[in-house]
Amino acid sequence: MAGQYATLGVPTPERLVERAYSIVSSPYERELEFFFELVPDGELTPLLHRLNPGDSISVRKGPQGGA
């Protein structure tokens with residue numbers, strides 16, 4: 001649904017780095033799709049950018065927000 005977001009996270013040796021990202025996929029799709037831009041000095045986007053297919057991330061249970 002438009003306006004919904006989910007909190008994504010990547011574990012590091014120090015802690016779980018989390019940020020909220022808007023869901024861009026349709027509510028009728030089985031998979032969630034997110035859009036993010038690489039922020040070279042950011043805390044999370046460089047970690048997301050380095051992930052490979054099959055790597056795991058955390059997603060907090062249930063989308064938040066609404067239209």
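- Taking CZ from Arg19 and CG from Leu8, the interatomic distance works out to 11.0 Å, rounded to the nearest 0.5 Å.
- Listed by first and then second residue, the salt bridge (Lys or Arg N to Asp or Glu O under 4.0 Å) pairs involving residues 44-57 amount to none (not counting sequence neighbours).
- Contact record, Pro46 with Pro40: CG-O, 3.6 Å, taken as the closest heavy-atom pair.
- Using a 4.5 Å cut-off between side-chain heavy atoms of Ile, Leu, Val, Met, Phe, Trp and Tyr, with links allowed through other members, Val10 and Leu32 fall into the same hydrophobic cluster.
- Grouping Ile, Leu, Val, Met, Phe, Trp and Tyr residues whose side-chain heavy atoms lie under 4.5 Å apart, directly or via other members, places Phe35 in a hydrophobic cluster with Val24.
- Val17 and Leu51 fall within the same hydrophobic cluster, where Ile, Leu, Val, Met, Phe, Trp and Tyr residues are linked whenever their side-chain heavy atoms come under 4.5 Å apart, directly or through other members.
- The two atoms that bring Ser22 and Phe34 nearest to each other are O-CD2, 3.4 Å, heavy atoms only.
- Between Ser58 and Glu18 the shortest side-chain heavy-atom distance falls below 4.5 Å.
- Surrounding CD of Glu37 are at most 12 heavy atoms belonging to other residues, nucleotides or ligands under 6.0 Å away.
- For the atom pair OH (Tyr5) and CZ (Arg60), the distance works out to 9.5 Å, reported to the nearest 0.5 Å.
- Here Phe36 pairs with Tyr21, Thr45, Leu48 under the side-chain contact (heavy atoms from CB on, under 4.5 Å) rule; sequence neighbours left out.
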